[in-house]
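Below is one structure; the comments refer to it alone.
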Amino acid sequence: MPLVLYNTLTRKKDVFEPLNPDRVGMYVCGPTVYDRAHIGNARPVIVFDVLYRLLTRLYPQVTYVRNITDVDDKINQRAKDSGEPISVITERTTKMFHDDIAELNAAPPTIEPRATDHINQMLTMIEGLIAKGFAYEAEGHVLFSVPSMKDYGALSRRSMDEMMAGARVEVAPYKRNPADFVLWKPSTPDLPGWDSPWGRGRPGWHIECSAMSGQYLGVTFDIHGGGQDLVFPHHENEIAQSVCANGAPFARYWLHNGYLMVEGEKMSKSLGNFFTVRELLEVAPGEAIRLAMLSTHYHQPFDWTADGLKQARATLDRLYTALRGVVDIPAAEVAAPIEVMAALEDDLNTPLAISHLHELAGKLNKAADTAAKARAKGLLLAAADLLGVLKQDPEAWFRWQPAGGGNGLSEADIEAAITARLDARKAKNWAEADRIRKDLAEQGVVLEDGPAGTSWKRV
RNA sequence: GGCCGGGUGGCAGAGUGGUGAUGCAGCGGACUGCAAAUCCGCGUACGUCGGUUCAAUUCCGGCCCCGGCCUCCA
């Protein structure tokens, strides 16, 4: 089955044909490091991690570039507010970002370039744009001249007229055209800045992605991803800069994940209804957060709810329960099941892939002999690996507790209670056995009697 | 106002021109000392009004509702 991807550029599902099948390139807009990652940041990280996993199974080499934006006015503001040096803020936030998404089983990208390490490339690009007549200097700024580009607006399907009509912000006086956007702007001494032909300044928002994608993937590359909120203006402007500077096409397939809502409402800081990834990791395992995210197709709006997280956890409980029964049986070395590959190759249909996970777990539960169990286990794990879940030992999964303790029952306490209950059961003292079980249940520990003895899990 | 995405059973959420999504919840059965887990079985659906068609939840159009974006910037 060929890989098809919904391409924002064409507004339909396109068969994916890489420029060079030996080396597929993907660029995804990464975080601006001024604050903890929230669930809105986590969605593209998880979605494109799944795409990356899929691509690595389809092509021999995949170069996945995800940038770190470490120069930005939000960072400057944060530094001004807290009095901390910018580098301290960006370093710390970058580390927290890495720590957070690692718990979501997101693989590191092949290359993670930082904007401040690529100022020279940006300057070169801006100089080229000026030389070709696509950009101009004005009052220490360098602006991209939108009317100079014929196809501007192709990605977001906006016409110049529309944008003029929609303009509701006071236009800076140095702009020749209200739609022109900043490539470079002057910095005051208290702000980060670099020497440039136009004086000391700093880059505009969009130029870094053009510069870094070009350096690591080439001027024309396969896939560019990000959140739907970036289609305009960010990605539109990236295209304008890159196409005009390079005289070549830019990204060929544009993928955008849908918006994020919380309990049915738009997620926003003013409503206060957003969660950081770290906050969620305090109350649920990373895999549950990840699976919850993947339970809605990436292109759809995603509604984050407490119930959704609970359901994702229940799903993983079911899958890990199946695996728990076969811990002693090595998984067969098998390729991911065809139906799971097919689901993901159809524009990353993760909800359908998850439904197949359930079917695979059912088959594992029903497998009669060791060979069948080994094969079913292998298939389930191979399928789950594509989605980046079921990566841990089942016992570890069932013993997960919130950071900072939880119910206070140690594993030794639990084992002791189980032993005591076993004695009661041997003596057919059902009242005592049930009392112990009930007591544990009230403290969040559920017992399950099976042929191989009693197992337990925290809920 | 312009542009875009969406409205599926109690809930979440795929998909399809004519049979089954899947999971959770619910109901019945097997298993169990009783449970839990597991297995077997059951039920409920496609916003609305028209059109196309032998046949529409699926295609087309109107309407209603929901969500988002609309410039370098708070």
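Labels below follow one simple rule: chain letters A, B, ... track the order of the sequence lines, proteins then strands, and each chain is numbered from 1.
Regarding A:Q228, its CD atom lies at a distance of 11 Å from the C1' atom of B:rG6, rounded to whole Å. In this entry the distance linking CG of A:L387 with C1' of B:rG23 reads 15 Å, nearest Å. With rounding to whole Å, A:D229 atom CG is found 16 Å from B:rG5 atom P. One can place CZ of A:F302 at 8 Å from P of B:rG13, the figure rounded to the nearest angstrom. Distance CG (A:L422) to C1' (B:rU32): 15 Å, rounded to an integer number of Å. When rounded to the nearest whole Å, the span between CD of A:E263 and C1' of B:rG67 equals 16 Å. Between the CZ atom of A:F181 and the P atom of B:rC70 there is a distance of 16 Å, given to the nearest Å. Between the CG atom of A:D449 and the P atom of B:rU38 there is a distance of 15 Å, rounded to whole Å.
B:rG67 sits 40 Å from B:rG28 when the P atoms are compared, rounded to a whole Å. For the C1' atoms, the distance linking B:rG26 with B:rC69 amounts to 41 Å, nearest Å. If you take atom C1' in B:rG43 and the same atom in B:rG2, they sit 47 Å apart, rounded to whole Å. For the C1' atom pair drawn from B:rG10 and B:rA30, the interatomic distance equals 27 Å after rounding to whole Å. For the P atoms, the distance from B:rG68 to B:rA55 is 40 Å, rounded to whole Å. Comparing B:rA56 with B:rG18, their P atoms are spaced 11 Å from each other, to the whole Å. Rounded to the nearest Å, the gap between the P atom of B:rU22 and that of B:rA45 is 16 Å. Comparing the C1' positions of B:rU52 and B:rU44 gives an interatomic distance of 30 Å, to the nearest angstrom.
Of all nucleotides listed (B:rA21, B:rC72, B:rA37), B:rC72 comes nearest to the side chain of A:K185. Counting only heavy atoms from C-beta on, A:P301 has its side chain closest to B:rG5 among B:rA35, B:rG5, B:rU38. Closest to the side chain of A:R425, out of B:rG33, B:rA21, B:rU71, is B:rG33. Candidate nucleotides B:rA36, B:rA21, B:rU71 were compared by shortest atom distance to the side chain of A:L352, and B:rA21 ranks first. Among B:rA14, B:rC73, B:rC11, the nucleotide with an atom closest to any side-chain atom of A:Y174 is B:rC73. Taking the side chain of A:K175 as heavy atoms from C-beta on, and the options B:rC72, B:rG5, B:rA36, the nearest nucleotide is B:rC72. Residue A:N237 places its side chain closer to B:rC72 than to any other of B:rG23, B:rG33, B:rC72. Nearest to the side chain of A:N349, among B:rC34, B:rG15, B:rU22, sits B:rG15.
Side chain A:H206 to base B:rC72: a donor-acceptor pair is found below 3.5 Å. Below the 3.5 angstrom threshold, one finds a donor paired with an acceptor across the side chain of A:D434 and the base of B:rG33. Interface remark: the A:Q311 side chain does form a donor-acceptor pair with the B:rG23 base, using a distance-only criterion of under 3.5 Å.
When heavy atoms are screened at a 4.0 angstrom cut-off, A:R11 is found touching the sugar-phosphate backbone but no base atom. Residue contacts shown for A:K310 are absent, as no nucleic acid heavy atom lies under 4.0 Å away. The residue A:R313 sits apart from the nucleic acid: no heavy atom pair falls under 4.0 Å. Within 4.0 Å of A:E236, counting heavy atoms only, lies no atom of the nucleic acid at all. Residue contacts shown for A:G362 are limited to sugar-phosphate atoms, with no base heavy atom under 4.0 Å away. Nucleic acid contact for A:D180: base, since at least one base atom lies under 4.0 Å from a heavy atom of the residue.
Using modelled atom types, no side-chain atom of A:T454 and backbone atom of A:E448 make a donor-acceptor pair closer than 3.5 Å.
Residue A:K74 places none of its side-chain N or O atoms closer than 4.0 Å to OP1 or OP2 of B:rA74. The shortest distance between the side-chain N/O atoms of A:R318 and the OP1/OP2 oxygens of B:rC39 is below 4.0 Å. A close approach under 4.0 Å does occur between a side-chain nitrogen or oxygen of A:T296 and OP1 or OP2 of B:rG13.
The shortest side-chain heavy-atom distance between A:L58 and A:M341 falls under the 4.5 Å cut-off.
In summary, the side chains of A:Y34 and A:D70 do not present any donor paired with an acceptor at a separation below 3.5 Å, with no hydrogens or angles considered. Under 3.5 Å, the side chains of A:E208 and A:N67 contain a donor-acceptor pair of N or O atoms.
For the pair A:I354 and A:L447, nearest-nucleotide mapping onto RNA chain B gives the more 5' position to A:I354. Along RNA chain B, the nucleotide nearest A:H299 and the nucleotide nearest A:V446 are compared for position; the residue whose nucleotide lies closer to the 5' end is A:H299.
The ring of A:F16 has its center closer than 6.0 angstrom to the ring center of A:Y253. Checked against the 6.0 Å centroid criterion, the rings of A:H235 and A:H256 qualify as a close aromatic pair. If you look at A:H141 and A:W184, their ring centroids are not closer than 6.0 Å.
In this pair, A:Y259 does not lay its aromatic ring on the base of B:rG68; centres under 5.5 Å and planes under 30 degrees do not both hold.
One distance of note links CG of A:L344 with CZ of A:R57; it measures 9.5 Å at 0.5 Å rounding.
Pairing for B:rG1 is with B:rC70, a Watson-Crick or G-U wobble pair whose two hydrogen-bonding atom distances lie under 3.5 Å. Pairing for B:rA14 is absent, with no Watson-Crick or G-U wobble pair whose two atom distances lie under 3.5 Å. Across all strands shown, the partner of B:rC27 is B:rG41, judged by Watson-Crick or G-U wobble contacts whose two distances both fall under 3.5 Å. Searching all strands for a Watson-Crick or G-U wobble partner of B:rG50 with both distances below 3.5 Å returns B:rC60.
In this structure A:E359 satisfies the side chain to side chain donor-acceptor pair (under 3.5 Å) test together with A:H356, sequence neighbours excluded.
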